[in-house]
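Heads up: numbering here begins at 1 and tracks the sequence.
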Amino acid sequence: MKADSGADNGTTPNGAGARVLVIGPYVTQGGAARARDTAARLMEAVGLAEAIELDVVGQLPISLNEVRPATYLGKGKVEEIGELVKSKDAALVSMDCQLSPVQQRNLERAWDVKVIDRTGLILEIFGERARTKEGALQVELAHLAYQKSRLVRSWTHLERQRGGFGFLGGPGETQIETDRRLIEERMRRIEHDLDKVKRTRALHRKTRRDVPYPVVALVGYTNAGKSTLFNRLTKAEVLAQDMLFATLDPTLRQIKLPHGARILLSDTVGFISDLPTMLVSAFRATLEEVTLADVVLHVRDVAHEDWEAQAKDVESILSELGLKGEAEGRILEVWNKIDALDPERLSALQLAVSGIEPQRRPTLVSALTGQGLDALLARIESTLAAGRVRFEMDLDVADGEGLAWLHAHTEVLEREALPEGGVHLVVRIDPERSEGLARRFPQAEIIREAGAGR
């Protein structure tokens with residue numbers, strides 16, 4: 001019997017609008033679930049399905065004592081879900097777990113519908129969200145890495161409708177003819193293209209480093225409000241919706257800090273629990289913007305019931321990217337969405353934050369209303385300034401070239417006209433550029449008591 005292609009049931013070729021049943025099979029240990037709340041995990045799984053406009057017709061959490069090698073679930077649960085699939089007239093089952101190719105194939109045979117696991121669903125979302133050539137290449141590479149074994153080893157009548165660059169609609173018979181050699185050749189070509197992108201990024205990064213524009217990167221769990229915060233700070237119009245992975249391609253904008261210094265603010269893809277390894281690998285060129293940023297803002301949704309578990313997931317990925325140890329000093333916590341808290345909880349949160357040592361104290365903000373953003377900008381400025389060197393010097397007012405150099409390569413903190421016609425300047429500069437300033441202006445003297453402010 002040939003499987004339904006997904007074109008029926010009112011679905012579009014790419015799977016949008018398909019009726020999907022979301023299953024949350026969560027393994028318990030010693031009778032206790034993982035740190036992440038089961039209801040929150042299932043709600044997130046539903047949100048992932050809705051992010052690509054699937055029609056969620058049912059959701060079912062399942063507590064497992066162990067994972068079955070053949071079907072992930074026990075025989076009784078497989079039969080129960082099979083009946084639910086028929087009663088809901090579902091065309092797709094989304095399993096909020098990582099399935100092996102064998103488990104996926106066996107479940108499809110048992111239920112006679114397409115089955116997609118958490119990794120496949122996230123890859124599908126990324127495939128829809130990628131807008132730049134780089135993003136599309138990274139997503140395709142991750143798709144191919146994920147599908148390599150599924151496309152080649154154990155084809156079934158159901159698998160003819162899945163695979164390639166999109167799982168839900170499927171490419172049809174042509175994908176069966178794709179063998180491992182062709183896939184690996186395509187992956188090598190993509191990796192070659194991404195190497196070019198990486199070199200281009202490195203050149204752009206070097207150009208930015210030649211001017212005193214530090215990079216501040218926004219990171220956080222998907223839907224934590226990073227894009228809304230980015231838009232509020234930069235007055236940009238990056239897509240910001242109540243949707244998982246609304247933003248995928250990174251965006252850079254220039255903004256000015258309270259004392260006039262300019263920075264480049266970078267909005268990045270949101271993180272998520274169990275982020276597929278191949279996605280972290282494929283997006284490493286993009287994520288380098290985070291690892292090389294001068295300051296990293298970890299944006300957290302304090303109104304979310306699972307916000308502490310979300311923070312641990314983000315910290316785990318940051319650690320995987322190398323942001324740990326001494327690098328952790330560059331990470332500032334931004335607790336967002338305080339406008340969504342009731343007064344009692346907000347007051348309790350403010351009291352808790354006040355007890356944290358200043359250098360580790362989170363900044364409470366509302367990206368939606370703008371509350372707390374002045375304090376956030378001041379905190380960014382003080383963090384960037386802490387490692388910089390301050391110089392003072394007198395400059396001939398006629399030295400327009402020297403003055404232009406200082407404005408282009410340093411942060412001019414103070415400028416005072418002198419009675420004899422010169423100008424007294426106080427500037428701030430990164431330590432690695434301080435030698436160049438000293439050579440260019442021998443009269444410049446270091447201000448030894450340099451602090452975070454002026």
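With values rounded to the nearest 0.5 angstrom, E108 atom CD is found 10.0 Å from I116 atom CD1. Taken to the nearest 0.5 Å, the CG atom of D117 stands 5.5 Å off from the CD atom of Q98.
Between V113 and L21 the shortest side-chain heavy-atom distance does not fall below 4.5 Å. For the pair Q310/V314, no side-chain contact is recorded, criterion being any heavy-atom separation below 4.5 Å from C-beta on. Side-chain contact between R68 and L73: absent, with no pair of heavy atoms (C-beta onward) separated by less than 4.5 Å. The side-chain heavy atoms of V290 and L318, taken from C-beta on, include a pair separated by under 4.5 Å. Within the 4.5 Å cutoff, the side chain of K337 has no heavy atoms near those of the L368 side chain. A heavy-atom distance below 4.5 Å is not found between the side chains of L123 and V139. With contacts defined as side-chain heavy-atom distances shorter than 4.5 Å, the pair L99/V115 qualifies. Under the 4.5 Å side-chain criterion, counting only non-hydrogen atoms from C-beta, L332 is not in contact with T363.
Scored by the side-chain hydrogen bond (donor to acceptor under 3.5 Å, both in side chains) test, E185 finds R181 as partners (sequence neighbours excluded). With sequence neighbours excluded, no residue satisfies salt bridge (Lys or Arg N to Asp or Glu O under 4.0 Å) with E315. E80 meets the side-chain hydrogen bond (donor to acceptor under 3.5 Å, both in side chains) test with K77; sequence neighbours excluded. Listed by chain and residue number, D342 satisfy the side chain to side chain contact (heavy atoms under 4.5 Å, CB included) test with E344 (two or more places apart in sequence, or in another chain). Evaluation of the side chain to side chain contact (heavy atoms under 4.5 Å, CB included) rule for L373 yields L229, R232, L233, V365, L376 as partners, not counting sequence neighbours. Partners of D96 under the side-chain hydrogen bond (donor to acceptor under 3.5 Å, both in side chains) rule, at least two apart in sequence or in another chain, are Y26, R118. For R189, the salt bridge (Lys or Arg N to Asp or Glu O under 4.0 Å) test picks out no residue, with sequence neighbours left out. Applying the ring pair (Phe, Tyr, Trp, His ring centres under 6.0 Å) criterion to W307, with sequence neighbours excluded, gives W335. By the side chain to side chain contact (heavy atoms under 4.5 Å, CB included) test, S347 pairs with no residue at all, sequence neighbours left out. Take D55 and apply the side-chain hydrogen bond (donor to acceptor under 3.5 Å, both in side chains) test, not counting sequence neighbours, and it matches no residue.
When only modelled atom types and interatomic distance are considered, D267 and S227 share a side-chain donor-acceptor pair under 3.5 Å.
The one candidate from H298, K312, E44, K226 that meets the side-chain hydrogen bond (donor to acceptor under 3.5 Å, both in side chains) condition with Y221 is E44.
The local environment of CG in D374 is sparse, with at most 12 non-hydrogen atoms from other residues, nucleotides or ligands closer than 6.0 Å.
Screening residues 59-87 for ring-ring contact (aromatic ring centres under 6.0 Å, His included), with sequence neighbours left out, gives no hits. Listed by first and then second residue, the salt bridge (charged side-chain N to carboxylate O under 4.0 Å, His left out) pairs involving residues 351-363 are E357-R360 (not counting sequence neighbours).
The heavy-atom pair separating G225 from N336 by the smallest distance is CA-ND2, 3.6 Å.
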- request: Report the C-alpha separation of R330 and V295 in whole Å, then their side-chain angles, then the decisive distance to 0.1 Å, and conclude whether the side-chain contact (heavy atoms from CB on, under 4.5 Å) test is met.
  value: CA-CA 5 Å; R330 295 190 280 130; V295 174; 5.5 Å; no
